[in-house]
Amino acid sequence: MGWGYCVVLKATLKGLFKSYGEVLDVVAHGNLRMRGQAFVSFADKESAQKAMKDIQRFPLYNKPMQISFARTRSDAVVKTLEDENQFGAHKAAREEHKRQTRYTNPLKQKFKAKRMASALDGVSALPATKRPNVQMPDEYLPPNKILFLQNLPESVTKDQLVGLFSQYPNLYEVRLIPTKRDIAFVEYFDEGSATVAKDALHNYKLDGENKIKITFARK
């Protein structure tokens, strides 16, 4: 998970959660230990509770999100609600915990054990792990920057779709088909942004009933 990916993920999560209350901060991690995790900090507990109830298992990147309250308060919350001295103590305690657990994570220990075993066998580098081939569903075409929308309500307007898809960065254009109102094309400036929007909004109920089907457009 690279830095650019984390930036897009943060923007996506902020777009999803901001309608429930003031979002103080979004933290997304790209390291081995925290891969696939992010933290969304609200200004009040009530907003966080409602967001967790409504967005629990919302499909993001083709996987339902698992949402729970964090074990400790975030830097942004403490800094907003407490004085400077309390914030300093909170940050110092968090850094100390991070230092103490840096080398005790099971994933890192497992990886280190494999490297040591390889070294004992005279192997200078850990061989690449062979990943199983994943068979993509036939309905999904190779990623590109244009999305194909199906099963739209016939009453949908361009402004509605622009409002929905502009939650995600780098929207370029929305194109409706006058002769077929239940389909449309949404184009982004780049493939990565289109992928984020597709994963977040596939099966979204625009009219509260029918789920929008989103695939990459056929070139």
Open item on the list: Between Thr195 and Tyr188, is there a side-chain heavy-atom distance shorter than 4.5 Å?
Closed with: no

TODO: Quick one: list whatever passes side chain to side chain contact (heavy atoms under 4.5 Å, CB included) with Lys45, sequence neighbours left out.
DONE: Gln49

Open item on the list: Would you say that Leu13 contacts Met65 through its side chain, given a criterion of any heavy-atom pair below 4.5 Å between the two side chains?
Closed with: yes

Open item on the list: Could you report the tightest heavy-atom contact between Phe216 and Pro142, atom names first, then the distance?
Closed with: CB-O, 3.6 Å

Open item on the list: Could you measure the distance from the NE2 atom of His202 to the OG1 atom of Thr215? Nearest 0.5 Å is fine.
Closed with: 8.5 Å

- [ ] Mind jotting down which residue pairs meet the side chain to side chain donor-acceptor pair (under 3.5 Å) criterion with at least one end in residues 142-153? Sequence neighbours excluded, please.
- [x] none

TODO: Check Ser193 against Asn170 and note the closest heavy-atom contact, atom names and distance.
DONE: OG-ND2, 2.9 Å

Task: Worked verdict on Phe148 versus Arg218 for side chain to side chain contact (heavy atoms under 4.5 Å, CB included) - done: CA-CA 8 Å; Phe148 179 48; Arg218 189 181 301 275; over 6 Å; no

Open item on the list: How close do Leu147 and Ala197 get, counting heavy atoms only, and between which atoms?
Closed with: CD1-CB, 4.2 Å

Open item on the list: For a quick test of reading the model, state the closest non-hydrogen atom pair linking Ser47 to Gly21 and the distance between them.
Closed with: OG-CA, 3.8 Å

Task: Value rounded to 0.5 Å, distance of CZ in Phe17 from CG in Asp54 - done: 10.0 Å

Task: Nearest-0.5 Å distance that lies between atom CG in Leu161 and atom CG in Leu149 - done: 6.5 Å

Task: All side chain to side chain contact (heavy atoms under 4.5 Å, CB included) counterparts of Arg175, not counting sequence neighbours - done: Ile146, Glu173, Phe185, Glu187

- [ ] Determine, using the 4.5 Å side-chain heavy-atom cutoff (strictly less than), whether Leu206 and Ile183 are members of one ILVMFWY cluster.
- [x] no

- [ ] Flag the pair Tyr20 / Val40 as yes when at least one side-chain heavy-atom distance between them is below 4.5 Å, and no otherwise.
- [x] no

Task: Residues forming a side chain to side chain contact (heavy atoms under 4.5 Å, CB included) with Gln66, sequence neighbours excluded - done: Gln56, Arg57

Open item on the list: Under the criterion side chain to side chain contact (heavy atoms under 4.5 Å, CB included), I'd like the reasoning laid out for Leu201 against Ile212: C-alpha separation, chi angles, the key distance, then a yes or no.
Closed with: CA-CA 8 Å; Leu201 295 175; Ile212 303 175; over 6 Å; no

- [ ] Compare every heavy atom of Arg181 with every heavy atom of Leu152, then report the nearest pair and how far apart it is.
- [x] CB-O, 4.1 Å

Open item on the list: Under 4.5 Å between side-chain heavy atoms, counting indirect links through other Ile/Leu/Val/Met/Phe/Trp/Tyr residues: same cluster for Ile55 and Tyr204 or not?
Closed with: yes

- [ ] State yes or no: do Ile214 and Val162 share one hydrophobic cluster built from I, L, V, M, F, W and Y residues joined by side-chain heavy-atom distances below 4.5 Å, directly or via other members?
- [x] yes

- [ ] Only pairs at least two apart or in different chains count here, so list each salt bridge (charged side-chain N to carboxylate O under 4.0 Å, His left out) that has a residue in residues 150-172.
- [x] none

Task: With Asn203 via side chain to side chain contact (heavy atoms under 4.5 Å, CB included) - residues at least two apart - done: Lys211

